[in-house]
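Heads up, the thing below is written out as structure tokens.
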Amino acid sequence: MPQVTLPDRDPVDVPAHTSLAELARNTAGTRAKRAVAAWIDERLVDLSHPIEADCRVRFVTPADPEGLDVFRHSSAHLLAEAVVSLFPDARPTIGPVVDEGFYYDFDHAPFSDEDLLRIEERMRAIVAEGRPLHRREISADQARELFRDNRYKLEMIDALPAGETITVYEQGNRAFVDLCRGPHVSDLSRIKAFKLLKVAGAYWRADARNTMLQRIYGISFEQPKELRAHLAAIAEAKKRDHRKLGRELDLFSFHEEGQGFPFWHGRGTVIYNELANFIREECRRRGYTEVRTPTILNEELWRRSGHWDHYADAMYFVDIDEKPHAVKPMNCPGGLLVYRSRLHSYRDLPIRQAELGLVHRNELSGVLHGLFRVRAFTQDDAHVFCTHEQLIDEVVALIDFCQYVYQTFGFPPAEIVLSTRPADCIGSDQIWETATHALRQGLERLDLAYRVAEGEGAFYGPKIDFDIRDCLKRKWQCGTIQVDFSMPERFDLTYEGPDGHSHRPVMLHRAILGSLERFIGVLIEHTAGKLPLWISPLQARVIPITERHHAYAQEVHRQLADAGVRVAVDARDETLGKRVRAAQLEKVNYILVAGDKEMEAGTINVRTRDNVVHGAVTVDELIERLRQEIACRALV
RNA sequence: GCUGGCGUAGCUCAGUGGUAGAGCAGCUGAUUUGUAAUCAGCAGGUCGGGGGUUCGACUCCCUUCGCCAGCUCCA
């Protein structure tokens with residue numbers, strides 16, 4: 001009899017061919033009862049899988065990441081059955097699990113929102129029937145016969161390596177059969193908490209030249225309360241959408257007259273400037289110089305830099321004196337000309353040259369998205385020119401700079417990705433090795449967790465990316481540190497070494513916020529518009545209770561304004577409650593109420609955005625407190 | 001760029017072929033307020049633009065512009 005070992009248990013003997021489902025039934029513990037699949041040694045399999053030999057078994061439940069994937073993958077099959085039963089001419093294609101749920105793509109005319117509701121209803125009916133999911137192995141010929149009227153499945157079957165076992169999953173009485181590697185839950189009735197979220201077009205194999213399919217997105221959970229929590233989180237995310245808050249808080253706007261080009265209003269400009277000042281201040285502390293290079297430069301420069309070949313589609317062009325010019329999509333060529341404008345000694349290096357450069361890129365109209373994806377934005381760019389020996393120290397300093405900045409805003413740790421040498425690249429093996437090693441060393445010296453993306457580096461060098469996630473869990477590239485072997489060659493950059501000969505410096509590109517615009521968008525969503533005091537456009541508002549307190553309110557205003565606080569008086573002829581409410585909605589950090597008591601005592605009554613009334617403090621004390629909070633860029 | 005959805009007052013939204021509505025915001029007045037909405041009045045729209053069908057179009061059709069979602073996740 002095969003011997004089965006479960007985690008933390010004594011091995012047991014079971015009769016040959018015992019299924020994992022039977023084993024689960026005979027095993028105490030909720031883990032086995034909740035199982036959707038199981039690991040047999042190194043293989044994740046269905047619960048119907050028979051035990052034939054000695055093995056280790058670990059049941060997985062929807063609480064495990066791989067179990068949740070199985071659960072959602074089965075949910076996608078459930079969706080597919082519902083769709084084909086309601087729309088018999090729909091051809092299912094693929095239905096994978098994604099980060100946030102699952103989807104299934106169908107070749108069919110577009111589905112409406114009403115269709116989605118009907119499909120969901122049908123899914124519930126199928127769940128109520130409580131049908132089992134059966135795995136079956138078939139030959140390639142049988143598979144071709146079974147899916148003869150589905151060209152997508154046929155294409156997939158043909159793409160499978162010869163000799164590979166082909167499996168299909170049948171739902172109940174062959175009500176629906178799908179080509180699938182599995183594993184799956186054994187019973188569709190397990191899937192009780194699900195919701196179809198949206199429908200959208202997507203291309204077969206993600207290629208715009210192929211047929212446009214209809215993609216239905218859904219989410220499912222084992223427990224209804226998990227689904228409720230997820231839907232509530234989506235609703236909260238919608239409330240925090242920076243496009244909505246940007247309009248409500250009067251920060252920025254977009255206009256037909258310039259699609260994808262943000263207009264910064266007075267309040268938004270405060271945020272933008274504070275952010276830029278923060279970066280400038282940190283650059284100063286870290287030994288950078290700041291430069292400014294032109295927005296428009298001639299075509300020859302862009303050919304020389306290689307942007308023309310790799311980037312022309314995204315560039316804007318303009319003729320000046322009948323000579324072709326381009327609007328800069330990146331700052332580096334300008335920065336390189338600055339470096340080349342004089343001779344450099346090894347004693348000058350490293351040169352850290354920052355530029356808050358406004359770049360323009362012609363993004364496809366369909367991908368524009370608030371401040372997250374625009375056609376003109378400011379990069380907090382910098383180029384570091386150094387010797388090979390200085391490379392690691394510079395990389396460490398850059399990573400540290402990034403971490404410091406993200407920390408200042410209280411972002412959860414960014415996802416760090418090291419991208420290595422791609423197939424198509426320039427530079428010798430040795431130079432790639434040195435550079436990749438430097439980036440790796442930098443990350444390891446700071447003891448940071450990172451993911452390696454093999455072959456994802458730029459053609460001109462390896463890089464480290466810092467990705468942060470917005471409140472909808474979408475990932476946005478933020479900081480980047482790139483080693484560049486190409487530009488110093490193309491522009492023949494040199495420095496005089498101690499040996500009296502010319503040497504080629506190493507060049508690093510880096511951006512920390514990436515795009516100031518995008519970063520502000522992320523920050524707005526992250527804070528739900530309640531910005532930290534130092535970067536907040538409305539730091540304080542004085543509210544006199546009645547007309548007789550107006551003069552005192554003005555006096556308090558003057559003192560705060562003199563101390564550099566962004567403050568205003570709301571002396572409108574409205575009730576106190578209404579003006580407090582207005583200040584709350586505008587996310588003013590400090591609401592300062594002035595009435596008889598305050599006027600008499602020379603104090604002000606402090607209320608903060610968290611609905612807490614703190615009581616009266618003297619104006620001097622308040623100023624001191626705000627000064628400190630601003631100076632240390634406090635998060636609260 | 002492609003596919004689908006949506007464009008009505010500054011904002012949020014009603015209005016399915018027969019004279020364009022509400023709340024908030026704005027303005028005027030009353031009210032002088034102790035911590036998230038005082039009351040009353042007034043004003044505000046070429047129903048995104050253009051074309052068509054119709055006696056008549058916010059409503060139906062075509063077209064165009066903009067916005068929104070998706071277009072990486074591989075049986």
Side-chain angles (χ1 to χ4, degrees), chain A residues 69 73 76-77 80 92-105 109-113 115 143 147 150 152-160 164-169 178-182 197-217 238 241 243-244 247-248 250 253-260 313 362-370 472 474-475 543-550 571-586 591-598 605-609 611-616:
Chain A
D69 279 3
H73 195 180
H77 279 230
T93 66
I94 60 166
V97 172
V98 290
D99 279 356
E100 286 295 290
F102 59 87
Y103 68 76
Y104 211 117
D105 284 347
F111 297 111
S112 67
D113 289 347
D115 292 336
F147 294 105
N150 186 324
Y152 305 95
K153 298 288 180 188
L154 290 176
E155 195 179 315
M156 286 184 264
I157 292 163
D158 289 339
L160 292 174
E164 176 128 334
T165 311
I166 294 179
T167 57
V168 293
Y169 277 80
D178 203 359
L179 180 71
C180 189
R181 184 168 41 203
L197 296 171
K198 56 197 166 196
V199 57
Y203 303 101
W204 171 239
R205 302 229 184 258
D207 189 329
R209 288 166 302 191
N210 289 338
T211 319
M212 164 94 37
L213 306 170
Q214 296 306 313
R215 175 168 298 178
I216 298 178
Y217 283 90
K238 254 189 184 159
D241 190 314
R243 293 165 298 186
K244 181 173 143 72
R247 185 177 52 239
E248 287 172 0
D250 196 15
S253 58
F254 287 90
H255 302 273
E256 285 189 30
E257 289 81 352
Q259 210 193 344
D313 282 353
N362 187 14
E363 304 285 352
L364 293 178
S365 65
V367 304
L368 299 175
H369 182 98
L472 281 169
R474 284 170 303 205
K475 202 163 39 174
I543 305 182
I545 293 179
T546 73
E547 261 173 43
R548 68 178 177 279
H549 309 118
H550 284 190
R572 287 178 303 161
D573 179 19
E574 298 285 357
T575 59
L576 176 64
K578 182 159 182 167
R579 286 174 292 159
V580 167
R581 178 178 144 86
Q584 288 272 165
L585 291 175
E586 289 174 76
I591 301 169
L592 308 171
V593 174
D596 289 335
K597 285 176 276 184
E598 290 76 17
N605 210 297
V606 177
R607 179 190 170 112
T608 43
R609 285 184 307 207
N611 292 335
V612 177
V613 178
H614 299 266

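Order of the sequence lines sets the chain letters (A, B, ...), proteins ahead of strands, with each chain counted from 1. Hydrogens, waters and symmetry mates play no part in the numbers below; they use all other heavy atoms, side chains included.
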Paired runs of 3 or more consecutive Watson-Crick or G-U pairs involving RNA chain B, with both pairing distances under 3.5 Å, are B:1-7 with B:65-71, B:10-13 with B:21-24, B:26-30 with B:38-42, B:48-52 with B:60-64
Proximity to the side chain of K597(A) - top-ranked nucleotide from G34(B), U3(B), A36(B): G34(B)
Quick one: is G1(B) close enough that its OP1 or OP2 comes under 4.0 Å of any side-chain N or O from S365(A)? yes
When you measure from the side chain of R181(A), which nucleotide among G34(B), C65(B), C74(B) comes out closest? C74(B)
Can you tell me, in whole Å, how much space there is between the C1' of C24(B) and that of U19(B)? 27 Å
Output the single nucleotide from U35(B), G66(B), C73(B) whose closest atom is nearest the side chain of N605(A). U35(B)
Taking the P atom of each, how far is U46(B) from U28(B), in whole Å? 23 Å
State whether the distance check finds a donor on one side and an acceptor on the other, under 3.5 Å, for side chain R215(A) versus base C71(B). no
Indicate whether OP1 or OP2 belonging to U32(B) is found under 4.0 Å from a side-chain N or O atom of H549(A). no
Respond yes when some side-chain nitrogen or oxygen of R572(A) is under 4.0 Å from OP1 or OP2 of G26(B), and no when none is. yes
Rounded distance in Å between the P positions of A9(B) and G50(B): 16 Å
When rounded to the nearest Å, what value does the distance between C1' atoms of C39(B) and C47(B) take? 32 Å
Please state whether the phosphate of G34(B), meaning OP1 or OP2, lies under 4.0 angstrom from any side-chain nitrogen or oxygen of R607(A). no
What contact category does V168(A) fall into here, base, sugar-phosphate, or nothing, at under 4.0 angstrom with non-hydrogen atoms? nothing
Closest to the V580(A) side chain: G70(B), U33(B), A36(B)? A36(B)
Between A22(B) and G44(B), how far apart are the two C1' atoms, rounded to whole Å? 14 Å
What nucleotide among U38(B), G34(B), C68(B) has an atom nearest to a side-chain atom of E598(A)? G34(B)
I94(A) side chain: which of C74(B), U32(B), A36(B) is closest? C74(B)
Where the side chain of A202(A) is concerned, which of A36(B), C2(B), C71(B) is the nearest nucleotide? C71(B)
Separation of Q214(A) CD from F111(A) CZ (nearest 0.5 Å): 6.5 Å
Is any side-chain N or O of K198(A) closer than 4.0 Å to OP1 or OP2 of A69(B)? no
Would you tell me if any nitrogen or oxygen in the side chain of Q259(A) comes within less than 4.0 Å of OP1 or OP2 on G66(B)? yes
Is any N or O donor-acceptor pair between the side chain of N611(A) and the base of U35(B) shorter than 3.5 Å? no
Taking the side chain of A206(A) as heavy atoms from C-beta outward, which of C65(B), U72(B), U33(B) is closest to it? U72(B)
Y217(A) side chain: which of C73(B), C71(B), G1(B) is closest? C71(B)
Quote, to the nearest angstrom, the C1' distance that separates C42(B) from U33(B). 24 Å
Step by step, work out the side-chain hydrogen bond (donor to acceptor under 3.5 Å, both in side chains) result for D178(A) and Y104(A). CA-CA 12 Å; D178(A) 203 359; Y104(A) 211 117; 2.5 Å; yes
Non-hydrogen atoms of I545(A) and R579(A) that approach each other most closely: O-NH2, 3.3 Å
Pick the nucleotide of RNA chain B nearest each of F111(A) and T575(A); which residue has the one closer to the 5' end? F111(A)
Can you tell me if K578(A) touches the phosphate of C39(B), counting only side-chain N or O atoms and a distance under 4.0 Å to OP1 or OP2? no
Can you tell me how far P of G66(B) sits from NE2 of H369(A), to the nearest Å? 18 Å
From CD of Q214(A) across to P of G5(B) the rounded distance in Å is 10 Å
Which nucleotide, C73(B), C65(B), A36(B), lies nearest any side-chain atom of Y103(A)? C73(B)
